[in-house]
J.: 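Have a look at the structure that comes next, please.
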Amino acid sequence: MPAPLRVTGAVTPPGDKSISHRALLLAALADGPSRIRHILPSADVEATAGALRALGVAVPVLSPEFVVVGGGPAALRSPAHPIDCGNSGTTARLLAGVLAALPGLEVRLEGDASLSRRPMRRVTAPLAAMGAQLHFDGPPGHDGLPLTVRGGVLRPLVHAIPQASAQVKSALLLAGLLAGVDVSVTEPDRSRDHTERMLAARGVRVDIDGRTVRVPAGQRLLPFDTDVPADPSSAMFLAALAALAEDGAVRLEGVALNPTRMGGFDLLRRMGVRVALTGRRDVGGEEVGTVEVRPGVLRAVDVRGGDVPRAIDELPMIACLAARAEGTTVIRDAQELRVKESDRIRAVVANLRAIGVQAEELPDGMAVTGASHPLVGTVVTHGDHRLAMAFGVLAALPGNAIAIDDPGCVGVSYPGFWDDLARLSGGTAGPVPAALAPVLVPPSPPAPLVIAIDGPAASGKSSTAQWVARLLGVRHVDSGAFYRAIALLGLQSGVPVPEWTAAQLLGEAHRVGRRLTAQSVLPVIDGEDRDEALRGGEVTAVVSRVAQMPAVRAWVNEQVRGAGAVTDVVVDGRDIGTAVFPDAGLKVFLVADPWERARRRLLQRWGRRPTDAEIAEETDALVARDAQDAAQSTPARDAVTIDTTTLTQAEQVERIVALAHAARQRLLEEPDPG
Ligand code: S3P
């Protein structure tokens, strides 16, 4: 066993990246001297400084304290060469807004390969609606850099942006301010509001009404001093290290506690981590304080909707934490992650898998299942600083051996990251040198845990299985839906139902695929979700016919088995623990007195208490059915039989969940031999 990680110490993370960009831009555009303290001296902020220098502004070397003497917007000059925005989306998007509003300027914005792939139309389209002249210089249809901006006279704008974006909002507000026209921007969720706060601190009236921000026409920007607080997104990586440690605490000082940026810390708390915010004070319109983080026993979290913009830069770290949390973390509504410095959905999932974590891509997010086995392998960052740092935190945990292909890319936002990480963790662990990457062989992750629930008719298999799956955060395989898919294909074939044969039905079965949702494994037909048709009356009327065909049963069993090969599942049904999953990690056989089963079934069917006579009649039917099913309904030899006659459903579920925890522990201790 590796020595447990103990974290200790206090760090002031580097200056906030968003505020640093804005401090430089606003200082350059104001008429007079603005002092800037604790700016982030990183590659992204250097890109903004370099751009302003190219535009004729005397921006000194970035140091802990310096003054920019702005000459007002009219002092900006067209540069002799294209402006290189490097990797920085904030530089490119905010500059596009500024430059579009300054008549007489013509500037070509360029960026590195990653930035050139990122969408710019979200900024250029509303700017064009204001009358700005912008031209994409790349191949036809490409809406990223290089982009030529020609400054002009702009019109007012009332605009609703489809996805929350501080960069788009800021670009439009700055364009309106400089052009002297009214601009109002509405977002679906509020993105970070540094621009609004910083404009207000510089004498600009900013009206905020819910999710709408308006800068009225005809205002001037005054010079102003900025103390850049520490970046909460950078602090998040160190907080995550503390969360994953066994012991100790980490203090992160001087961190911006802006409510639009607190999503990452809120998610940490929801995962069971102790996060305390103390010493709150106001620094130039931004709340600042100390974040103290202590280790926790992590549990999975559900991230969606309004969580996303408040934690957008922290989600790679949350996904990496999920690899060590109990259960499956699901992140949804986060398609924005696909257009960050890398496609952070694809890249995070691929890298998690590369180090032995169970993870899946979803169109708008991902699902990550936690485990405690050692993580070993090489991470490909695609030059994305936040990927390097998020996986760097996992790499710092004793027992893991993770190489990172380009650790230097952290310089985009946090040049001293590796030193701070080593300092807090006692300098003992870190990424494996990239030169050793070829010798790292990821261990096969433990085989997925299959929980097979079997039992006679009306033993409550299916509802129990669904509850167990939900409580464990694993997927339920609805094998019935696969029978329904075959029945739907039969109905679509036009062959009359009495003439259906297994051969004919299965001839079309190649059209049925499996889809993993957060909670279940479901069939899709020709790649489409047909849930409504599958549950409809037409299918219900004929499904038992196809479920009686042995060849169809064999096919469905194959689908169910396939699902259990890729993800943890709870499966219920006849012969599940014997024929379908003879190697299931946990087999449960539910039994109950026929009278009790009959009573439950009628209660569920009718929603009222059945009479004794009704129960007696149903009991006879069940006993007859048991006799028919006898061949299929024998428990596997290693099944745990639970007699539920006197148990409530909650009690049954609780017992199975406890058995599942023990089974999972066994699997972790003896990983998949195959
Ligand atoms: C930023 C806004 C966010 C964030 C980025 C910095 C900013 O991007 O991801 O790191 O400084 O305005 P979006 O505006 O695209 O959400």
Side-chain angles (χ1 to χ4, degrees), residues 14-26 39-40 42-45 47-48 51 85-98 111 114-115 117-126 143-145 159 161-175 185 187-199 211 213 226 228-229 231-237 256 258 260-264 286 306-318 333-345 383-387 389-390 409-410 412-414:
D16 186 78
K17 181 156 80 72
S18 295
I19 295 176
S20 295
H21 284 296
R22 287 159 174 80
L24 285 175
L25 272 174
L26 298 182
I39 198 164
L40 165 68
S42 79
D44 262 19
V45 179
T48 293
C85 303
N87 190 247
S88 174
T90 308
T91 307
R93 293 189 177 131
L94 268 55
L95 266 186
V98 166
S114 147
L115 181 56
R117 275 192 297 271
R118 296 178 65 183
M120 287 293 287
R121 202 177 296 282
R122 50 182 61 193
V123 191
T124 60
D143 78 343
L145 301 185
H159 185 63
I161 50 181
Q163 62 282 90
S165 166
Q167 293 173 352
V168 175
K169 173 179 65 180
S170 304
L172 301 178
L173 296 179
L174 289 176
V185 181
E187 297 181 283
D189 287 300
R190 284 209 72 188
S191 62
R192 63 191 65 189
D193 63 358
H194 305 300
T195 300
E196 295 90 306
R197 288 169 187 257
M198 293 175 81
L199 287 177
R211 289 170 289 104
V213 183
T226 309
V228 182
D231 194 320
S233 304
S234 299
M236 179 68 185
F237 298 108
N258 181 312
T260 59
R261 300 284 298 281
M262 289 297 99
E286 288 282 356
D307 296 334
V308 172
R310 295 175 65 246
I312 188 74
D313 293 336
E314 286 75 307
L315 293 178
M317 189 67 251
I318 294 293
D333 305 321
Q335 50 278 23
E336 267 304 286
L337 289 179
R338 293 206 182 269
V339 290
K340 292 293 179 187
E341 284 82 330
S342 65
D343 176 342
R344 287 184 177 160
I345 295 180
D384 186 336
H385 54 132
R386 298 207 198 275
L387 292 198
M389 290 188 276
C409 69
V410 302
V412 161
S413 64
Y414 194 163

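First listed ligand is number 1; within each ligand, the first listed atom is number 1. This is a predicted model, so every value here is computed, not measured.
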J.: For Arg211, does the CZ atom have more than 12 heavy-atom neighbours from other residues, nucleotides or ligands under 6.0 Å away?
T.: no
J.: May I ask you to say whether Asp143 pairs ionically with Arg118, meaning some side-chain N is under 4.0 Å from a carboxylate O?
T.: no
J.: Only heavy atoms of Thr90, strictly under 4.0 Å: list the atoms of ligand 1 that pass.
T.: 1 (C), 6 (C), 7 (C), 11 (O)
J.: Does even one non-hydrogen atom of Lys169 get within less than 4.0 Å of ligand 1?
T.: no
J.: Could you tell me if any non-hydrogen atom of His21 lies under 4.0 Å from any atom of ligand 1?
T.: no
J.: Any idea which protein heavy atom is nearest atom 16 (O) of ligand 1, and the distance to it?
T.: Lys340 NZ, 3.5 Å
J.: Closest heavy-atom contact between Leu315 and Ala334?
T.: CD1-CB, 4.2 Å
J.: Which residue supplies the protein heavy atom nearest to atom 10 (O) of ligand 1, what is that atom called, and how far is it?
T.: Asp313 OD2, 2.9 Å
J.: With a cutoff of 4.0 Å, is Arg93 in contact with ligand 1, counting heavy atoms of the residue only?
T.: yes
J.: Please determine whether a side-chain nitrogen of the Lys or Arg among Arg386 and Asp313 lies less than 4.0 Å from a carboxylate oxygen of the Asp or Glu.
T.: yes
J.: Pick whichever of Arg22, Gln167, Arg122 has a heavy atom sitting closest to atom 1 (C) of ligand 1.
T.: Gln167
J.: If we count only N and O atoms by modelled type, under 3.5 Å, do the side chains of Ser114 and Glu341 hold a donor and an acceptor together?
T.: no
J.: For the 3.5 Å polar cut-off, considering only N or O atoms, please tell me whether Ile312 and ligand 1 meet it.
T.: no
J.: Using a 4.0 Å cut-off to any heavy atom of Ser165, which atoms of ligand 1 qualify?
T.: 13 (P), 14 (O), 15 (O), 16 (O)
J.: Write out the residue and atom name of the closest protein heavy atom to atom 11 (O) of ligand 1, then the distance separating them to 0.1 Å.
T.: Ser18 OG, 2.7 Å
J.: Between Ile312 and Arg192, is a side-chain contact (heavy atoms from CB on, under 4.5 Å) present by the stated rule, with each step listed?
T.: CA-CA 10 Å; Ile312 188 74; Arg192 63 191 65 189; 3.9 Å; yes
J.: Quick check on Lys17 - does any of its heavy atoms sit under 4.0 Å from an atom of ligand 1?
T.: yes
J.: Would you name the heavy atoms of Ser413 and His385 that are closest together and state the gap between them?
T.: OG-ND1, 2.7 Å
J.: Go through the steps to decide whether Val45 and Leu24 satisfy the test side-chain contact (heavy atoms from CB on, under 4.5 Å), and finish with yes or no.
T.: CA-CA 9 Å; Val45 179; Leu24 285 175; 3.8 Å; yes
